[in-house]
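Below is one structure, written out as C-alpha cells; comments come after it.
Quick caveat: nothing in here was measured; it's all calculated off a predicted structure.
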Amino acid sequence: RVLTEWSRADIEQRAGLVMRSIETGLPPLLEKPSPANIKRFLQRLIADERLLAILVCGPEGQLLYQTDPAPREATCPSVVGPYPLHQLVPSATGLLHVARYPLERAEKAPLGVTIVHDLSFIDRRQRSARDHTDTHHIGGADAGQRRQEPVVGLAVDPAGEHGDRD
C-alpha cells in the first residue's frame, strides 16, 4: 500500500513535469499549426517507457493531435476542466494513470491535454518488494541441511575485518 501511494505520487509528479514541457513547447507550434511538427514534438515527450500517450483535445472534446499508439482508454474529455484531474483506469494490459490538464491560450478557449502512464510497473515493484521480504533458504553446515531465515537489510562485519574507515 505504501509503495502504491508512493508510485502514484511519483506518476502524478511525472505527469505534471510532462505538462510543463507541453505548456512551454506546444503553444508556439499551435500559432502556425503543422500537424507533422506537433506530432513530432509530442512523440519526443513519450520516449519514457511508462508514458504511453499524449492527446491534445479541443475545447469541446474533439481530438486534435495524439501520439501513436494511444490506448483506447485514452480519450478526450467532453469539456476541458479548469484544473488537473488524475484518474486510475483499468485496461487490458493493466492499470493506467490518466491525467487531464487544461492548456490555457491567450484570448482563446483552453485546450485539453490528456497524459497516459502505464502503471503495470507498480505491480512488478510490489512483487519484487514481497520477494525481498519473503524468507530465503540459507545453507547449513551440512550441505543437505537447509533452514529458513528472514533476510535482513543490514550488512554486518562480524570479524571486524574492515575496521573503521576515515
Pick out which of I11, L119, L52 makes a side-chain contact (heavy atoms from CB on, under 4.5 Å) with L96. L52
Identified side-chain contact (heavy atoms from CB on, under 4.5 Å) counterpart of Q87 within the set R100, E73, H97: R100
Give the cluster check for [X] versus [Y]: same hydrophobic cluster or not, with ILVMFWY residues linked at side-chain heavy-atom distances below 4.5 Å.
X: L45; Y: L55; value: no
X: I46; Y: I22; value: yes
X: L63; Y: L42; value: no
X: V116; Y: Y65; value: no
X: L29; Y: M19; value: yes

Which distance, rounded to the nearest 0.5 Å, do you find between the [atom1] of [X] and the [atom2] of [Y]?
X: R20; Y: L17; atom1: CZ; atom2: CG; value: 5.0 Å
X: L64; Y: C57; atom1: CG; atom2: SG; value: 7.0 Å
X: E12; Y: I115; atom1: CD; atom2: CD1; value: 12.0 Å
X: L103; Y: K108; atom1: CG; atom2: NZ; value: 11.5 Å
X: L51; Y: R14; atom1: CG; atom2: CZ; value: 9.0 Å

